[in-house]
2 protein chains.
Amino acid sequence: MQKSDSTLDNRAARPRGRPRAFDRARALAAATRLFWAKGYEATSIADLTEAMGIGAPSLYAAFGAKDALYAEALRYYEATYEHLVWGRFRTASTARDAVTAYLLDSAAVLTGGPDDHPLGCMVTLSAVGSEGHAELGEMVRKARAVTLQRLEACLSAAVATGELPASTDVHGQARLIQAIQAGMSILARDGASRDELEAVARRAVAGWGAGF
Amino acid sequence: MQKSDSTLDNRAARPRGRPRAFDRARALAAATRLFWAKGYEATSIADLTEAMGIGAPSLYAAFGAKDALYAEALRYYEATYEHLVWGRFRTASTARDAVTAYLLDSAAVLTGGPDDHPLGCMVTLSAVGSEGHAELGEMVRKARAVTLQRLEACLSAAVATGELPASTDVHGQARLIQAIQAGMSILARDGASRDELEAVARRAVAGWGAGF
DNA sequence: TCTATTTTGTAATGATCGATATGGAAATTG
DNA sequence: CAATTTCCATATCGATCATTACAAAATAGA
């Protein structure tokens, strides 16, 4: 994957010339925050170079193009924040606990989380793709589709174990949870507090079992 | 308000010069659909003039500027589609019927409705304001806030009439309904069908009373 | 018909967009 | 040391952005 594994063999494939003066990962994090807060179209190269602390040639040398940088920022976003939202979901012992944890942890992350990142979900609120960038639009649409698949898998497993009755409409219930979590992103963007979103999450699972 | 009432006296205040060649209301409707589908930033004047079938000078003569046109499009959107979503909500006799109607009618409108307008809600999915247009951002934020106020008023009235217990957390329940409806916009934008969203709506109110 | 008034289409404005070319300074390897 | 490679700043590219001169065209009242 990588050209060199610096922790094991940083001598062999070390390039010849002047080393890169900026921290690529830190620059990518800055770009991610900017895309996250402003969206793809509204974020200009000038905005990016200023936030990343580098010049335009360095940006293009390191990331290729604006859409490639966005794609990488999206992967960085998922790699960095995915476990904060889905970690307890995966280790929960019941579907109800999993969904509860998913919504509660979403409430925390969407409103700022541990660091003070932008509000809302970068994937959920992204409107890229509606303006011509079809490939980027497909990326975020697929990322949004993963949510539904995970919820359906969780609920299907709960049906298999008997936690939920066999008559459960797995797809419909997953769609409802997906809608609630997506809606929480919009409320967070408009300034809803973490407490408010946690109340939404708890209220959403309070009716657990009513519609199965 | 108007300079002339054309239905009663269309002879007196007829302007002097060359008459406008295009239908202003139809042009505004076209602009609204474009802003609705693509958002403010991604919609260019060239896009607008092409969709409206007019030249740029005509657009500026009739609407002033791009942000003024967007503001007018937003008012047109609300005036045209508001009653499709909130009509049965207002005339319902119980809060439960009102919320059910609100979510079911939202499902219909968000997925295309009677005409085949863009998917999702123009107000909910709008990201304008995060890129410098503060006044437009305030407009859409206020429009989103109206949803919460109406839901809270409905639930408060239901508490007063005894339909809901006095211990009801009106604000929290309104937030949940708001989140569900907002999330339905995002699902609709990604292609969820009307049937799917109606199922979400029905499932959302199936647990009615569990969290009060 | 004549003139005043308003809209029209064409084309141009300056600004900014994403993306590159240039070029000298800096840093690492051999 | 020399060679190499990347750095950054600046300047520039064509394209597109929102906006507007400009003059022809079309209608009203005279």
Side-chain angles (χ1 to χ4, degrees), chain A residues 3-4 6 9-28 30-31 34-35 38-73 128-129 131-136, chain B residues 3-4 6 9-28 31 34-35 38-73 128 131-136:
Chain A
K3 266 188 279 186
S4 70
S6 59
D9 185 9
N10 57 358
R11 177 184 50 84
R14 183 91 155 278
R16 216 21 139 103
R18 174 178 177 174
R20 174 180 292 129
F22 63 91
D23 185 346
R24 192 182 191 278
R26 184 171 292 272
L28 178 57
L34 215 53
F35 279 133
K38 302 183 59 172
Y40 179 75
E41 288 269 321
T43 304
S44 68
I45 298 292
D47 293 333
L48 290 166
T49 55
E50 182 185 355
M52 300 161 88
I54 63 178
S58 300
L59 187 153
Y60 280 90
F63 300 100
K66 186 188 178 186
D67 50 6
L69 174 58
Y70 184 85
E72 199 160 344
V128 73
E131 347 86 354
H133 296 268
E135 45 192 40
L136 293 183
Chain B
K3 266 187 282 186
S4 70
S6 60
D9 185 9
N10 58 357
R11 175 185 49 83
R14 181 89 157 280
R16 243 305 192 125
R18 175 177 178 173
R20 174 180 292 132
F22 63 92
D23 184 345
R24 191 182 190 278
R26 183 170 293 273
L28 178 57
L34 215 53
F35 279 132
K38 303 182 59 174
Y40 179 75
E41 287 269 322
T43 303
S44 68
I45 299 292
D47 293 333
L48 290 166
T49 56
E50 182 185 356
M52 300 161 89
I54 64 178
S58 300
L59 186 153
Y60 279 88
F63 300 100
K66 187 189 178 186
D67 49 8
L69 174 57
Y70 184 85
E72 198 159 346
V128 73
E131 347 86 354
H133 296 268
E135 45 193 38
L136 293 182

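Each chain gets a letter, A, B and so on, in the order its sequence line appears, and its residues count up from 1. Bear in mind that the values here come from a model prediction, so they are computed numbers and not experimental data. Only this structure's heavy atoms are used, side chains among them; waters, hydrogens and symmetry mates stay out.
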B/Asp67: side chain to side chain contact (heavy atoms under 4.5 Å, CB included) partners, not counting sequence neighbours | B/Tyr40, B/Ala65, B/Glu135, B/Leu136

Taking OP1 and OP2 of D/dC8, is either one under 4.0 Å from a side-chain nitrogen or oxygen of A/Ser58?
-> yes

Please tell me which of the listed nucleotides, C/dT20, D/dA18, C/dC17, lies nearest to the side chain of A/Ser44?
-> C/dC17

Atom CZ of B/Arg18 and atom C1' of D/dA26: how far apart are they, to the nearest Å?
-> 5 Å

Please examine the side chains of A/Leu28 and A/Asp23, heavy atoms only from C-beta on, and report whether any two atoms are closer than 4.5 Å.
-> no

For B/Pro57, report the nucleic acid contact type (base, sugar-phosphate, nothing); a contact means any heavy atom under 4.0 Å.
-> base

More than 12 non-hydrogen atoms from neighbouring residues, nucleotides or ligands closer than 6.0 Å to CZ on B/Arg24, yes or no?
-> yes

Could you tell me whether the side chain of B/Glu72 reaches within less than 4.5 Å of the side chain of B/Phe63, counting heavy atoms only?
-> yes

Send over the distance from A/Lys66 NZ to C/dG18 C1', rounded to a whole Å.
-> 8 Å

Which part of the nucleic acid does B/Ala56 contact within heavy-atom distance under 4.0 Å: base, sugar-phosphate only, or nothing?
-> base

Please work out if A/Phe63 contacts a base, only the sugar-phosphate, or nothing of the nucleic acid, heavy-atom cut-off 4.0 Å.
-> nothing

The answer to which of B/Arg16 and B/Thr43 contacts DNA chain D further toward the 5' end, by nearest nucleotide, is B/Thr43

Quick one: A/Leu48 CG to C/dT16 P, roughly how many Å, whole number?
-> 17 Å

Separation of atom CD1 in B/Ile45 from atom P in D/dA15, rounded to whole Å = 21 Å

Mapping A/Glu41 and A/Pro19 onto DNA chain C by nearest heavy atom, which one lands closer to the 5' end?
-> A/Glu41

For B/Met52 against B/Leu59, the heavy-atom pair lying closest together | SD-CD1, 3.7 Å

Assign B/Ala21 to base, sugar-phosphate, or nothing according to its heavy-atom contacts below 4.0 angstrom with the strands shown.
-> sugar-phosphate

Atom OH of A/Tyr60 to atom P of D/dC7: distance rounded to whole Å?
-> 16 Å

Would you say B/Arg20 reaches C/dT8's phosphate, i.e. side-chain N/O to OP1/OP2 under 4.0 Å?
-> no

Round to a whole Å and report the spacing from CZ of B/Phe35 to C1' of D/dA18.
-> 11 Å

Sugar-phosphate only, base, or nothing, as touched by B/Thr49 at under 4.0 Å among non-hydrogen atoms = nothing

Whole-Å distance between C/dT8 P and B/Ile54 CD1?
-> 7 Å

Which part of the nucleic acid, if any, lies within contact of A/Gly55, taking any heavy atom under 4.0 Å across all strands shown: a base, the sugar-phosphate backbone alone, or nothing?
-> nothing

Spacing between A/Leu59 atom CG and C/dC17 atom C1', to the nearest angstrom = 14 Å

